[in-house]
Amino acid sequence: MTEIKKHSKVFIETYGCQMNVSDSEVVLAILRKENYELCSSIEEADLVLINTCAIRDNAEQRILGRLDVFRLEKKKRPELIVGVLGCMAERLKETLLDNAVVNIVAGPDAYRDLPRLIEAVKVDSKQINTALSHEETYGDISPVRMDRNGVSAFISIMRGCNNVCS
Ligand code: SF4
């Protein structure tokens, strides 16, 4: 008898501009291929990803505050994996890994590597990929819309973050 594999659940929180909204939808598309489904609260999640902005509205302070909230959940469920994506991940790199709650730091051009990073966390709880690429556009990945149960998609409009985009 074929065993039906249970879906893992990912909660994705997005800050910043339209690029990050599009990127989160690319990330969801990548993770759905790995048997993840989107959930709507951190309490349900096996994996929490926060896609960050580095400049807007004291964005970094807000994100550090959110990490404190994730820390409380992780106290209850130490197996919860927490990843920081996006512009703050790119700007702060290893510094973010010093935060006890953070398992994964992935920059805007590293999202194809997320399945590997998630697997690697099971062996070593701190993983990072913030390599930048001039070629990465995710053009072959259809972003999965988060506001409609993931049934439709739109095309990513631009890429790249130079942190001068307020
Ligand atoms: S730092 Fe700029 S590109 Fe990055 S999320 Fe914020 S506004 Fe968007």
Side-chain angles (χ1 to χ4, degrees), residues 9-34 36 38-42 45 47-71 73-74 80-118 121 126-150 152-166:
K9 295 197 173 172
V10 58
F11 176 76
I12 305 179
E13 200 163 279
T14 305
Y15 293 83
C17 65
Q18 184 59 36
M19 182 194 85
N20 269 11
V21 174
S22 299
D23 274 4
S24 288
E25 293 175 344
V26 164
V27 165
L28 181 57
I30 290 168
L31 293 179
R32 280 184 18 147
K33 289 199 173 127
E34 305 296 317
Y36 274 88
L38 191 64
C39 65
S40 54
S41 73
I42 57 175
L47 169 67
V48 171
L49 297 175
I50 185 163
N51 195 357
T52 61
C53 173
I55 56 160
R56 288 192 172 169
D57 304 319
N58 298 318
E60 293 189 356
Q61 283 313 311
R62 283 173 65 197
I63 286 155
L64 291 173
R66 290 302 290 156
L67 292 180
D68 285 341
V69 172
F70 301 162
R71 179 179 294 115
E73 184 62 22
K74 202 159 169 157
L80 177 67
I81 299 173
V82 174
V84 180
L85 314 180
C87 300
M88 188 174 164
E90 172 53 34
R91 199 178 80 75
L92 297 183
K93 299 186 170 70
E94 282 86 359
T95 311
L96 274 170
L97 286 181
D98 293 340
N99 188 312
V101 76
V102 176
N103 298 111
I104 294 170
V105 175
D109 292 338
Y111 299 148
R112 285 179 206 271
D113 196 28
L114 275 172
R116 184 192 68 79
L117 294 169
I118 293 164
V121 162
K126 300 280 182 183
Q127 297 293 327
I128 183 165
N129 183 344
T130 54
L132 289 177
S133 157
H134 289 301
E135 281 83 46
E136 182 59 274
T137 63
Y138 302 113
D140 58 321
I141 296 175
S142 299
V144 177
R145 285 284 286 267
M146 290 195 193
D147 55 351
R148 291 191 197 160
N149 262 347
S152 61
F154 63 83
I155 303 301
S156 181
I157 49 167
M158 60 165 254
R159 281 225 52 74
C161 175
N162 54 14
N163 290 347
V164 292
C165 42
S166 58

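The structure displayed is predicted, hence computed values, not measured ones. Both counts, for ligands and for their atoms, begin at 1 and track the order of listing. The figures here come from the full heavy-atom set of this structure, side chains too, leaving out hydrogens, waters and symmetry mates.
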Indicate if the distance from atom 6 (Fe) of ligand 1 to the nearest N, O or S atom of Cys53 falls below 2.8 Å.
yes

Close-contact set for ligand 1 against Asn20 heavy atoms, below 4.0 Å:
5 (S)

Given Lys126, Gln127, Lys74, the one that forms side chain to side chain donor-acceptor pair (under 3.5 Å) with Asn103:
Lys74

Return yes if a side-chain donor-acceptor contact under 3.5 Å exists between Tyr15 and Glu13, otherwise no.
yes

Measure across Glu60 and Leu92 and return the closest heavy-atom pair with its distance rounded to 0.1 Å.
OE1-CD1, 4.1 Å

Filtering Gly86, Cys87, Ala54 for the heavy atom nearest atom 4 (Fe) of ligand 1 leaves Cys87

Verify, without hydrogens or angle tests, whether Asn20 (side chain) and Thr52 (backbone) share a donor-acceptor contact under 3.5 angstrom.
yes

